[in-house]
**Student:** 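Handing you this structure, nothing more for now.
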Amino acid sequence: MDLTQIDRYEFRVERRGAMRVPGVVFASRALLSDAGQSLEQVRNVATLPGIVEASYAMPDVHWGYGFPIGGVAATDPAQGGVVSPGGVGFDISCGVRLLAADLTAQELAPVLGRLMDALDPAVPRGMTRGGVWTPHDRDELRRILTDGSRHALERGHGEQRDLDRCEDGGAVDGADPGQVGERALERGLHQVGSLGSGNHFLEVQRVAEVYDAPVATAFGLHPGQVCVMIHCGSRGLGHQICGDQVRRMEQTMRQYGIQVPDRQLACAPVDSPAGQDYLAAMAAAANYGRVNRHMLAEAARRVFAEVTGARLDLVYDISHNLAKLEEHEVDGVPRWLCVHRKGATRALPPGHPDLPPDLRATGQPVLIPGTMGTASYVLTGVPGGRAFHSTCHGAGRVQSRHQAARSVSGRQLRDRLEAQGIAVRPSSWRGLAEEHPGAYKDVAAVVEAGEGAGLCRSVARLVPLGVVKG
DNA sequence: ATGTCC
């Protein structure tokens, strides 16, 4: 691999062959050695029609479907730029919601076990069918897809701040349920308000350290405070939409005269029927994902109110699997671009017009879910942010699920975590073992590289008190 | 990630 070190946390993948732009990897040397074959995917993405600046990789980059997870690529629709479902991922709008309690960890300690026992049955997850909210009929599901959290609020779920503190005000524009296939709708009907499995979780956390007190205060966070972090996506609906759209684009690519080095990079011009239909279906899945997290938050609120009397206020909700049409300056010239972020988080800088007014001065909250035994981070966007204002999204796997499950048993892991004072409510022993902390990169090293590369700034570190595992 | 293969 032709890698040139530009800076301590920046490497360039030199242009060659069909690459239209270079690759840029933001990582330390140690993290780079974990990136493995995913750098070949960074190269492949650089060949996409209309790609601008570079094919970027975040510090937690690893192998994914077509695009690497931890990849950022922007294309210019005016220059034949494409949109690719593989650049968003199968779990469309997978993301993180963080809520802050008016409660300290010290106050929670005596009732933590009772709280976890109450959350356990209140959070649907794993293989079981059903979510916390079954839409009345398909028309109501379509309203969820079109209006996202705005519809949930209209139906009496949640509060105004849940929209104000959610990316895009709780709903992405341009969603068209007409582009969502029959099977996707069927799968979506019974999963609103459910975690799923894999690395998805609902955690009760403690603010262990604050690195930037004024920004933390603006976000609504202070040391010792109890928080709830929810990490999940758009479940079977998003998965079905991605699969349906990839299949269609494999067909249409030929008629648009597009050639890609990997068929998993199936794509279509943004300004084509196939491209526009994908974006409309993707937006519908994005709204489903927000409502999913919105409803799980409501379930957590109810349990917290019953057991502790505490309130849960939304800090922020942000997706790390999404494509968006955004304005960015390229060589000093503003252009509208289709920015793919897959396992990468938007990180708007202070002063950005898309921020809610009360966060305008501080920058956008960036939520980084860690692994069970370690920590999660709250970051913020910085002026002059790189990679179209993007940063990392999590720790990133280093062990396969199979390897992980072989290295520890679920019961052993539960005992180990409980000995550390972390209460665990798994949905399956196998699923728990697959997610043991050693299966992931060191999230602290990922955050350090992101900050060192000028992608973001640390605001707070959160540590788990209790884990409800998907 | 995913009713881990329609």
Side-chain angles (χ1 to χ4, degrees), chain A residues 38 41 58 60-71 84-97 124-131 134 141 180-202 230-248 250 264 266 281-282 284-286 288-290 292-293 296 318-323 340-345 368-369 371-372 392-406 426-435 439-440 469-470:
Chain A
S38 67
Q41 296 188 309
M58 302 295 112
D60 47 337
V61 66
H62 57 287
W63 183 266
Y65 179 90
F67 283 59
I69 296 164
S84 173
V88 171
F90 270 82
D91 194 1
I92 297 168
S93 193
C94 181
V96 182
R97 176 171 295 231
R125 58 197 191 277
M127 288 287 107
T128 54
R129 185 181 159 101
T134 303
L141 177 59
V180 178
E182 180 57 32
R183 185 170 297 186
L185 291 173
E186 183 54 45
R187 292 176 73 170
L189 267 174
H190 308 286
Q191 296 184 321
V192 183
S194 65
L195 274 183
S197 55
N199 64 355
H200 291 166
F201 62 73
L202 182 151
I230 298 167
H231 177 208
C232 63
S234 54
R235 307 289 279 105
L237 179 131
H239 187 269
Q240 188 70 44
I241 287 173
C242 181
D244 291 349
Q245 296 285 333
V246 165
R247 235 167 306 153
R248 175 173 171 192
E250 282 172 349
Q264 293 185 351
M282 182 209 71
Y288 187 91
R290 281 107 189 270
N292 193 22
R293 293 190 287 273
L296 286 167
I318 183 85
S319 168
H320 45 236
N321 280 6
L322 216 53
H340 301 72
R341 295 188 183 87
K342 177 189 191 178
T345 315
I368 307 297
T371 54
M372 283 175 288
C392 55
H393 88 301
R397 259 191 186 281
V398 286
Q399 276 185 351
S400 70
R401 293 189 181 290
H402 186 71
Q403 283 176 312
R406 274 200 323 184
S427 67
S428 81
W429 293 118
R430 163 93 196 185
L432 188 70
E434 287 175 352
E435 297 299 318
Y440 287 86
K469 203 74 194 75

**Student:** Please give, in whole Å, the distance from dT2(B) P to Asn292(A) CG?
**Tutor:** 10 Å

**Student:** Strictly below 4.0 Å: does Arg401(A) bring a side-chain N or O up to OP1 or OP2 of dT4(B)?
**Tutor:** no

**Student:** Look at all strands and tell whether Gly233(A) reaches a base, only sugar-phosphate, or nothing, counting heavy atoms closer than 4.0 Å.
**Tutor:** nothing

**Student:** Considering non-hydrogen atoms only, spot the tightest contact between Pro124(A) and Gly130(A) and give its length.
**Tutor:** CB-O, 3.4 Å

**Student:** Would you check if there is a donor-acceptor pair between the side chains of Arg129(A) and His190(A) at a distance under 3.5 Å?
**Tutor:** yes

**Student:** Nearest whole angstrom, please: distance from the P of dC6(B) to the CG of Asp244(A).
**Tutor:** 11 Å

**Student:** If I take atom NE2 in residue His190(A) and atom P in nucleotide dT2(B), what distance separates them, rounded to the nearest angstrom?
**Tutor:** 17 Å

**Student:** Between atom CG in Leu195(A) and atom P in dT2(B), what is the gap in whole Å?
**Tutor:** 10 Å

**Student:** Check the phosphate of dT4(B) against Ser197(A), side-chain N and O only, distance under 4.0 Å to OP1 or OP2. Yes or no?
**Tutor:** no

**Student:** Check the distance between dC6(B)'s C1' and Glu182(A)'s CD and give it to me in whole angstrom.
**Tutor:** 16 Å

**Student:** Below 3.5 Å, can you tabulate the donor-acceptor pairs from side chains in residues 86-97 of chain A to any protein atom, sequence neighbours excluded?
**Tutor:**
| from | atom 1 | to | atom 2 | distance (Å) |
| --- | --- | --- | --- | --- |
| Asp91(A) | OD1 | Ser234(A) | N | 2.9 |
| Asp91(A) | OD2 | His200(A) | NE2 | 3.4 |
| Ser93(A) | OG | Ala286(A) | O | 3.3 |
| Arg97(A) | NE | Asp317(A) | OD2 | 2.7 |
| Arg97(A) | NH2 | Asp317(A) | OD2 | 3.1 |

**Student:** Which is true for Gly196(A) with a 4.0 Å heavy-atom rule: it touches a base, it touches only sugar-phosphate, or it touches nothing?
**Tutor:** sugar-phosphate

**Student:** Name all residues meeting the ring-ring contact (aromatic ring centres under 6.0 Å, His included) criterion together with His320(A); count only those two or more places apart in sequence or in a different chain, and write none if there are none.
**Tutor:** His231(A), His393(A)

**Student:** Roughly, in whole Å, what's the span from NE2 in His200(A) to C1' in dT4(B)?
**Tutor:** 14 Å

**Student:** Calculate the interatomic distance between Phe90(A) atom CZ and dT2(B) atom C1'; express it in whole Å.
**Tutor:** 9 Å

**Student:** Identify whether any heavy atom of Gln191(A) sits under 4.0 Å from a base atom; if not, whether one sits that close to sugar-phosphate; answer base, sugar-phosphate or nothing.
**Tutor:** sugar-phosphate

**Student:** Rounded to whole angstroms, how far apart are CZ on Arg247(A) and P on dC6(B)?
**Tutor:** 9 Å

